Amino acid sequence: MPKSSLNKDEVKAMLLLVADRIIAAEPMLSEADRNLGDGDHGLGMERGMNAVKEKLAPGVESVEKAFSATGMAMMSSMGGASGAIFGTLWRNGGKALAGRESFDAQGLADLIKAGLEGVMARGGAKPGDKTMIDALHPAMLKAQEVAGQPLNEALTAVAAAAEAGREASKAMIATMGRAKTLGEQSIGHPDAGACSVVVIFDAMRDYVCA
Ligand code: ADP
Ligand code: MG
């Protein structure tokens, strides 16, 4: 049954699906990072998601804590640029949901907005630099637009926006992170972190639409 909002235990189940999807996508994410970086993105994300599964296993206290614990687990287990970046996304995003009993499309919009702001403050990248922000920023804009819809419909639209962002990142020239040394040679490949953002929103969509 499609879900229009989630309770804290369903948020946990959704995040466990995100973890399994990222782990399954490790070869694709590693390949994407081999094209533009040092090839470790998939393994880093896999390590982070195994830590998330362990952390969430005993159960979650609240909607806020489900997301923020995910961020903390990634930050403390991953290292590299993406540990800080993806950890901040979930931790800051989760904090924006303090006191909420359920996770709905407005919560999704608030989560992505706060998460993106945290990532931009932490890493200094902006849209167009060919990073995960190029999938996350269009997802944030779409999430604000659909904040009044049922969560399943909102996530369908947000996942599509993230995918379009990842595709658009192919044409960009990297100006942040390891890929910036490639300059124009970075054209043609999608950013690895943007690929991870797509896997994340696809998994969230599939959980709420199933
Ligand atoms: P590392 O660059 O340390 O090897 P990863 O390979 O795990 O880390 O992650 C690389 C990804 O991190 C990039 O594809 C990009 O999406 C993201 N990234 C790197 N630097 C930044 C930044 N300053 N802001 C946002 N995302 C970034
Ligand atoms: Mg790397």
Side-chain angles (χ1 to χ4, degrees), residues 18-19 21-53 67 70-94 96 111-141 143 158-159 161-204:
V18 168
R21 291 285 187 85
I22 287 279
I23 291 166
E26 181 277 321
M28 179 274 285
L29 299 173
S30 294
E31 173 67 18
D33 194 34
R34 260 195 296 282
N35 289 327
L36 295 177
D38 57 358
D40 65 349
H41 183 63
L43 289 173
M45 291 295 284
E46 180 179 38
R47 189 163 59 246
M49 287 300 169
N50 278 319
V52 169
K53 287 173 75 167
F67 288 110
T70 293
M72 300 304 282
M74 292 184 86
M75 279 185 198
S76 58
S77 64
M78 285 170 65
S82 57
I85 296 295
F86 282 87
T88 298
L89 166 63
W90 293 118
R91 192 199 53 184
N92 288 33
L111 172 94
I112 300 176
K113 186 162 186 293
L116 174 63
E117 282 168 6
V119 167
M120 290 178 69
R122 179 104 193 217
K126 50 188 194 317
D129 286 333
K130 199 172 179 114
T131 69
M132 54 83 82
I133 289 171
D134 294 305
L136 193 57
H137 183 255
M140 184 279 287
L141 294 177
V158 166
E163 273 169 42
R166 176 201 59 198
E167 289 307 299
S169 80
K170 288 181 182 172
M172 294 173 186
I173 297 175
T175 55
M176 291 296 288
R178 292 179 203 279
K180 80 172 167 207
T181 54
L182 292 173
E184 290 194 358
Q185 284 175 315
S186 64
I187 294 175
H189 298 288
D191 172 68
C195 293
S196 279
V197 170
V198 169
V199 173
I200 289 167
F201 285 123
D202 280 355
M204 291 171 72

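The structure displayed is predicted, hence computed values, not measured ones. Counting starts at 1 for both ligands and their atoms, following the listed order.
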### Query
Does any pair with a residue in residues 190-200 pass side-chain hydrogen bond (donor to acceptor under 3.5 Å, both in side chains), and if so which ones, sequence neighbours excluded?
H41-S196
### Query
Can you find a pair of side-chain heavy atoms, one from P127 and one from D134, that are under 4.5 Å apart?
yes
### Message
For atom 7 (O) of ligand 1, what is the closest protein heavy atom, and at what distance to 0.1 Å?
### Response
S82 OG, 2.4 Å
### Query
So do the side chains of I200 and W90 get within less than 4.5 Å of each other, counting heavy atoms only?
yes
### Query
What part of R178 sits under 4.0 Å from ligand 1 if we count only heavy atoms: the side chain, the backbone, both or neither?
side chain
### Task
Of the side chain and backbone of T131, name the one, both, or neither that has a heavy atom under 4.0 Å from an atom of ligand 1.
both
### Message
With a 3.5 Å distance limit and no angle check, can you tell me whether K130 reaches the backbone of H189 through a side-chain donor-acceptor pair?
### Response
yes
### Query
Any side-chain heavy atom of V18 within less than 4.5 Å of one from M49?
yes
### Message
Could you work out, with side-chain contact (heavy atoms from CB on, under 4.5 Å) as the rule, every residue matching R91, not counting sequence neighbours?
### Response
S68, M72, M75, K95
### Task
Considering only non-hydrogen protein atoms, determine which one is nearest to atom 24 (N) of ligand 1 and report residue, atom name and distance to 0.1 Å.
A125 CB, 3.5 Å
### Task
State, yes or no, whether a side-chain contact exists between M120 and I133 at a heavy-atom distance under 4.5 Å.
yes
### Message
With a 3.5 Å distance limit and no angle check, can you tell me whether R21 reaches the backbone of V199 through a side-chain donor-acceptor pair?
### Response
no
### Query
Can you list the atoms of ligand 1 that are under 4.0 Å from a heavy atom of G80?
3 (O)
### Task
Just need the protein heavy atom nearest to atom 9 (O) of ligand 1, so name the residue and atom and give the distance.
H41 ND1, 3.2 Å
### Task
Give the contacting part of M132 toward ligand 1: side chain, backbone, both or neither, where contact means a heavy-atom distance below 4.0 Å.
both
### Query
Which atoms from ligand 1 have a heavy atom of D33 less than 4.0 Å away?
6 (O)
### Message
Are there over 12 heavy-atom neighbours, none belonging to E167, within less than 6.0 Å of that residue's CD?
### Response
yes
### Summary
closest protein heavy atom to atom 23 (N) of ligand 1 is G123 O, 3.1 Å
### Message
If you take the nearest heavy atom of each of A81, A192, A179, which one is closest to atom 19 (C) of ligand 1?
### Response
A81
### Query
How wide is the angle at the Mg ion (ligand 2) between OD2 of D33 and OD1 of D40, to the nearest 10°?
90°
### Task
Among all protein heavy atoms, pick the one closest to atom 14 (O) of ligand 1 and tell me residue, atom and distance.
D191 OD1, 2.6 Å
### Message
Using a 4.0 Å cut-off to any heavy atom of M176, which atoms of ligand 1 qualify?
### Response
23 (N)
### Task
Would you mind naming the N, O or S atom of D38 nearest to the Mg ion (ligand 2)?
OD1
#### Entry: Heteroatom distance test (G177, ligand 1): nitrogen or oxygen, under 3.5 angstrom
no
#### Entry: Note, I187 side chain near K170 side chain (heavy atom, < 4.5 Å)
no
